[in-house]
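I have placed the structure first, in the form of structure tokens, so that the comments after it can refer back to it.
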Amino acid sequence: MTKISPATRTWFITGTSSGFGRLLTERLLARGDRVAATVRKPDALAGLKADYGDRLWIASLDVTDTGAMRRTIDKAFHDLGRIDVIVSNAGYGLFGAAEELDDDQIRHLIDTNLIGSIQLIRAVLPHLRKQGGGRILQISSEGGQMAYPGFSLYHATKWGIEGFVESVRQEVAPFDITFTIVEPGPTRTNFAAGLVSAKPKGAYVNTPVGDLRRAFAEGSFEVKGDAQKMVEAMIASVEQNPAPRRLTFGATAYASISSALQGRLAELEAQKDTALSMDFDS
């Protein structure tokens, strides 16, 4: 692995009012980079704008509005010229057993986390091709490779976007467009504050969903991830060539993903003979 020589870069980041998006924006500006930041409420970045002026480009954006997304991206590239790194970060969590969730909650989560991320990537690709390449960081989660009870729709969006990226990375590799999927475990950001919860059903009180709901309420669900360390690692990853395919962050994420992958591989090997017997006889 080689490293790209560090230089001033221009970044486009969605969901910058808080969490990873806000921390990335602050750190990048502090080190001298330019940032095109999108938020739902531009006033959320007023203090940073006052401090950094033209190095911070701000646009109001709801990622569920595909038309607005395309117009915003077109304007960002027009105003700033080359954009080196795209960070697809906007999203949130939804908790509840599958049958506890209502239709509107399901649709909005998919529109934001999955379709919003897909359409962001689709919208930036023509610009990145035209300029001769670029890096895309897709913020996913340990939940893109494993699953907790009560997060079925959240996992659907994260497993979905990881599959999308795995395919698209192969399509655009000839244009020097590269991807890194970021998979944090439980991290001390505002994820919990933004977590949408379904109305509980009594049938799930004494189930794994109920156990996890109580752990959240009692504060016993352990969150050890350091968001600042993760942000520094994301920034450092852009200097690596080839791009790391995935970044797994946190001891919890490492353990949970490792267990899930080993379990799936063991299950695959256990039915190897059956799998190989399904072809036409030669």
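The model shown is predicted, which means the values in this text are computed figures rather than measured ones.
Listed here is the closest heavy atom pair of Asp211 and Arg214: OD1-NH2, 2.6 Å. Nearest heavy atom pair, residue Ala97 against residue Val209, reads N-CG1, 4.0 Å. The nearest pair of heavy atoms linking Leu101 to Ala198 is CD2-CB, 3.6 Å. Here the closest heavy-atom approach between residue Ser197 and residue Gln105 is recorded as O-NE2, 3.8 Å. Nearest approach of Leu114 to Gly160, heavy atoms of both residues: CD1-C, 3.7 Å. The heavy-atom pair separating Met234 from Leu24 by the smallest distance is SD-CD1, 4.0 Å.
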Intermediate values then yes/no, side-chain contact (heavy atoms from CB on, under 4.5 Å), Arg82 and Thr10: CA-CA 7 Å; Arg82 182 181 180 89; Thr10 301; over 6 Å; no

Run the side-chain contact (heavy atoms from CB on, under 4.5 Å) check on Asp74 and His78 step by step: do they pass? CA-CA 6 Å; Asp74 289 346; His78 176 270; over 6 Å; no

Before giving the answer on side-chain contact (heavy atoms from CB on, under 4.5 Å), spell out for Ser141 and Tyr154 the whole-Å C-alpha distance, their side-chain angles and the decisive distance to 0.1 Å. CA-CA 10 Å; Ser141 160; Tyr154 178 76; 3.5 Å; yes

After noting the C-alpha distance and the side-chain angles of Ile136 and Ile177, does the key distance pass the side-chain contact (heavy atoms from CB on, under 4.5 Å) rule? CA-CA 8 Å; Ile136 299 173; Ile177 300 171; 4.2 Å; yes

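The shortest distance between side-chain heavy atoms of Ile83 and Ile73 does not fall below 4.5 Å. At least one side-chain heavy atom of Leu80 sits under 4.5 Å from a side-chain heavy atom of Trp57. For the pair Phe151 and Leu195, the minimum side-chain heavy-atom distance is below 4.5 Å. Here the side chains of Glu99 and Tyr204 are in contact, with some heavy-atom distance below 4.5 Å. The closest side-chain heavy-atom distance from Glu100 to Pro200 is below 4.5 Å. Proximity of Phe249 to Val182: side-chain heavy atoms (C-beta onward) are separated by under 4.5 Å at one or more points. No side-chain heavy atom of Tyr148 sits under 4.5 Å from any side-chain heavy atom of Pro208. Taking the side chain as every heavy atom from C-beta outward, Thr14 and Leu120 approach each other to under 4.5 Å.
With values rounded to the nearest 0.5 angstrom, Ser117 atom OG is found 12.5 Å from Ile110 atom CD1. Here the CZ-CD1 distance, from Phe164 to Ile121, works out to 5.0 Å after rounding to the nearest 0.5 Å. If you take NE2 on His155 and CG on Asn113, they are separated by 12.0 Å, rounding to the nearest 0.5 Å. The OG atom of Ser88 lies 11.5 Å from the CD1 atom of Ile13; values are rounded to the nearest 0.5 Å. For the atom pair CG of Asp79 and CZ of Arg34, the computed distance is 10.0 Å after rounding to the nearest 0.5 Å. Separating the CZ atom in Arg55 from the CG atom in Leu28 is a distance of 10.0 Å, to the nearest 0.5 Å.
Remark: Arg107 does not engage Asp104 in a salt bridge, criterion side-chain N to carboxylate O under 4.0 Å. Between Glu183 and Arg246 a salt bridge is recorded (basic side-chain N to carboxylate O distance below 4.0 Å). A salt bridge is defined here as a Lys NZ or Arg NE, NH1 or NH2 lying under 4.0 Å from an Asp or Glu carboxylate O, and Lys158 with Glu142 fails to meet this definition. Between Asp62 and Arg40 there is a salt bridge, since at least one side-chain N of the basic residue sits less than 4.0 Å from a carboxylate O of the acidic one. With respect to Glu232 and Arg31, no salt bridge is recorded, no charged nitrogen being found less than 4.0 Å from a carboxylate O.
Around CG of Asp102, the count of heavy atoms belonging to other residues, nucleotides or ligands within 6.0 Å exceeds 12. In Tyr254, the OH atom is not crowded: 12 or fewer heavy atoms of neighbouring residues, nucleotides or ligands sit closer than 6.0 Å.
At distances below 3.5 Å, not a single donor-acceptor pair connects side-chain atoms of Asp111 with backbone N or O atoms of Thr64. At least one donor-acceptor pair closer than 3.5 Å links the side chain of Gln131 to the backbone N or O of Gly133. Arg27 places no side-chain N or O within donor-acceptor distance of the main-chain N or O of Val231, the cut-off being under 3.5 Å. A donor-acceptor pair under 3.5 Å is absent between the side-chain atoms of Asp33 and the main chain of Thr8, judged by distance alone. In this structure, Gln271 contributes its side chain and Glu267 its backbone to no donor-acceptor pair below 3.5 Å.
Grouping the Ile, Leu, Val, Met, Phe, Trp and Tyr side chains by contacts below 4.5 angstrom, directly or via other members, places Leu23 with Ile139. At a threshold of 4.5 Å between side-chain heavy atoms, the hydrophobic network of Ile, Leu, Val, Met, Phe, Trp and Tyr places Trp159 and Ile257 in two separate groups.
Judged by distance alone, the side chains of Trp11 and Asp84 never bring a donor and an acceptor atom under 3.5 Å apart. Arg22 and Thr16 share no side-chain donor-acceptor pair at under 3.5 Å.
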List the atom pairs, donor and acceptor, that lie under 3.5 Å between side-chain atoms in residues 43-52 and the rest of the protein, sequence neighbours left out.
residue: Lys49; atom: NZ; partner: Gly53; partner atom: O; Å: 3.0
residue: Lys49; atom: NZ; partner: Leu56; partner atom: O; Å: 2.7

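Taking the six-membered ring for Trp and thresholds of 30 and 60 degrees, Tyr92 and His108 have ring planes inclined between 30 and 60 degrees apart. Between Phe77 and His127, the two ring planes are parallel [angle under 30°; tilted spans 30° to 60°].
Applying the side chain to side chain contact (heavy atoms under 4.5 Å, CB included) test between Ser140 and each of Thr157, Ile181, Val165 identifies Ile181 as the sole match.
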